[in-house]
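Note that the structure is predicted; figures quoted are calculated from it, not measured.
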Amino acid sequence: MNAGPLSGVLVADFSRVLAGPYATMLLADLGADVVKVEAPKGDDTRAWTPPVRGEASTYYLGVNRGKRSIVLDLRDDGDAEAARELARRADVLIENFRAGGLTRYGLDYASARAGNPGLVYASISGFGSGAGARVPGYDLMVQAMSGLMSLTGDPDGPAYRAGISVFDVMAGNHAVIGILAALRHREATGQGQHVEVNLLSSALTGLVNHSSAYVAGGVVPYRMGNAHPSVFPYEPLPTADDDLIVTAANDGQFRKLCEVLGIPEVADDPRFARNADRTANREELRPILVARLAARGAVEWFELLVEAGVPSGPINTIDGGFAMAERFGLDPVVEVGEGERAVPTTRHPIRFSETPAGYALPPPELDEHGAELRAWLAGPAEGERP
C-alpha cells in the first residue's frame, strides 16, 4: 500500500456500482487500505459492457483501482462473521444497501458501533433513511426528481439527463468529505459516528444558483439550452467552423472580448456596458458577436481570446479533453499496477506536495485477495495486515 495521507486507515467497502466505489477509490488513492467486499456474483458494474478492456468492463475499471477484493456471501454464517470481524477492525465502513438491509447480518450502524466505537460508518442512499428509505436510489431518478432535467436541454424540446451520473459522483465526493471530517473528529475525541449522504440532498446543493433562485428568490428556473440565466455571453457561439464556448462573465472580460473581435465600441454601448444590460439585451448583442466570430475558426479564436484573458474553449469529444489536459501539463493518465495487470486510468484530481496519490493496485479481479484476507480475519485482531 502507498504511504499517502490516509496510510494506515482501513476501509471496509460494502458499496457497489458508482457513488460508494468512487468514494473508496479516492480514499485508496490517498493511501487508505480498501477492502472491497463483494457478493458471489460481484459488483454489478463488472457486467456493465461494452466497452471493455480485454474482458473487463471499463466502467468497473474506472472506479475500483487501489482495492483488494474478497467475496463474502452474507447469507452464509461463516462469511457473515468474517464481514463482522472486518467491521470490528476497520476505521471506516461504507455501504449503500437499502436502509435496514444490513441489520439481519449484524452490520448495521448500531451493531457495528457496539463492536467498534471508533468506527466511521458512512451510508449512501438515494433519498435518505427516513420517509424516502423505501425508494431505490438511481442517479437518473434523482436527475429527474431533483429538477436537473428540467434545466437541461433546448427550451422547446424535451428534458435531458446529464451525460454522466453526475449526482452519484457528487454524492461520492460528499461521502469522502464526511468521512474525512469524521476521522478528524475521532482523532480529537476517540469516537466514531454515522455519516449519511443521499443523492437527492447532493443534487439540491449541487444545483447551486438554481436552488438559490428558488429558495431565496422564489423563482423556478427552466431550461435555456446552453444559455446562462444571469450572464451573457456565457454559451457556445458559432465561428467560421465550429462552435466556441465564450464566457465573458464580467465587464472587464467583455471589454477584452470586444477588443479582440475588433469592436471596442460595443463595450461602451449603454445596452451592453454592464452584465445586467448584456443579459437583458442578449438577443441584440448575440448577432453582433456572431458576425465577428465568423471571420475565424474556433481554435484560432480560442488562442487569441485566451491570450487576451477572455475565458473560452472549443467543444471537444473526450479524446480532445484528454489531449487538452496533456497540453496543459496535467498528465491526466497514469498506469495503475504493473506488468500485464497494468491499466491506464485517470489521475487522482488532487495533488499533494508531500504525500502524493499512489496507484499500486489495479482494479481487483473478483475475490482476488480473498484467501489472504480470510486468513487475516480468522487470526488475532492485532495481526499484521496481509
Side-chain angles (χ1 to χ4, degrees), residues 6-16 19-28 30-39 67-68 70 72-134 137 171-199 201-202 373-374 376-383 385:
L6 296 181
S7 178
V9 173
L10 175 61
V11 178
D13 183 5
F14 286 83
S15 69
R16 61 266 201 224
Y22 181 70
T24 54
M25 180 184 73
L26 297 180
L27 296 173
L30 301 182
D33 180 2
V34 177
V35 175
K36 182 177 179 66
V37 179
E38 300 187 70
K67 309 174 189 181
R68 295 182 292 164
I70 181 172
L72 294 176
D73 185 346
L74 298 181
R75 298 166 297 182
D76 177 86
D77 290 343
D79 280 4
E81 177 53 35
R84 288 190 290 271
E85 181 62 26
L86 177 60
R88 283 190 285 269
R89 301 186 185 194
D91 299 290
V92 176
L93 185 152
I94 184 167
E95 59 88 16
N96 61 352
F97 283 69
R98 283 199 185 186
L102 287 173
T103 303
R104 73 183 74 174
Y105 309 115
L107 289 165
D108 57 297
Y109 172 60
S111 300
R113 178 182 174 84
N116 183 357
L119 180 66
V120 172
Y121 189 109
S123 298
I124 301 176
S125 65
F127 304 96
S129 57
R134 65 183 179 83
N173 278 314
H174 289 159
V176 170
I177 294 168
I179 287 167
L180 296 179
L183 286 173
R184 175 65 184 89
H185 174 263
R186 188 184 73 168
E187 180 182 322
T189 68
Q191 294 298 308
Q193 62 180 295
H194 194 185
V195 176
E196 294 189 74
V197 175
N198 69 81
L199 271 65
S201 292
S202 287
L373 287 168
R374 287 187 189 87
W376 173 62
L377 291 169
E382 63 274 10
R385 294 178 195 171

Original post:
Parallel, tilted or perpendicular: which fits the ring planes of Tyr109 and His194, with parallel below 30° and perpendicular above 60°?
Top reply: parallel
For the residue pair [X] and [Y], what are the closest heavy atoms and their distance?
X	Y	result
Ser202	Ala171	OG-CA, 3.5 Å
Val120	Ala182	CG1-CB, 3.6 Å
Gly128	Asn198	N-CB, 3.4 Å
Leu74	Leu102	CD1-CD2, 3.9 Å
Ile94	Ala175	CD1-CB, 4.5 Å
Gln193	His185	NE2-ND1, 3.5 Å

Original post:
Is a donor on one side and an acceptor on the other found under 3.5 Å between the side chain of Asn116 and the backbone of Ala87?
Top reply: yes
Original post:
Would you say the side-chain atoms of Arg385 pair up with the backbone N or O of Trp376, donor to acceptor, closer than 3.5 Å?
Top reply: no
**OP:** State, without any angle test, whether Ser123 and Glu95 hold a side-chain donor-acceptor pair at a distance under 3.5 Å.
**Re:** yes
Original post:
Is there a side-chain contact between Val9 and Leu27, using heavy atoms and a 4.5 Å cut-off?
Top reply: no
**OP:** Decide yes or no for Leu6 and Leu180: does some side-chain heavy atom of the first lie under 4.5 Å from some side-chain heavy atom of the second?
**Re:** yes
**OP:** Look at Arg88 together with Glu81 and state whether they make a salt bridge at an N to O cut-off of under 4.0 Å.
**Re:** yes
**OP:** Mind running side chain to side chain contact (heavy atoms under 4.5 Å, CB included) on Arg75 and Arg104 for me, showing each step along the way?
**Re:** CA-CA 9 Å; Arg75 298 166 297 182; Arg104 73 183 74 174; over 6 Å; no
Original post:
Within 45 degrees of the axis of the six-membered ring of Phe97 and under 6.0 Å from its centre: does Arg16 put its NZ or CZ there?
Top reply: yes
Working to the nearest 0.5 Å, report the span between [atom1] of [X] and [atom2] of [Y].
X	Y	atom1	atom2	answer
Asp108	Arg113	CG	CZ	12.5 Å
Arg89	Leu119	CZ	CG	14.0 Å
Asp33	Arg68	CG	CZ	4.0 Å
Asp91	Ile179	CG	CD1	11.0 Å
Lys36	Ile70	NZ	CD1	13.0 Å

Subject >> Identified side chain to side chain contact (heavy atoms under 4.5 Å, CB included) partner of Val35 from the options Val11, Leu72, Thr24, Leu373 >> reply: Leu373
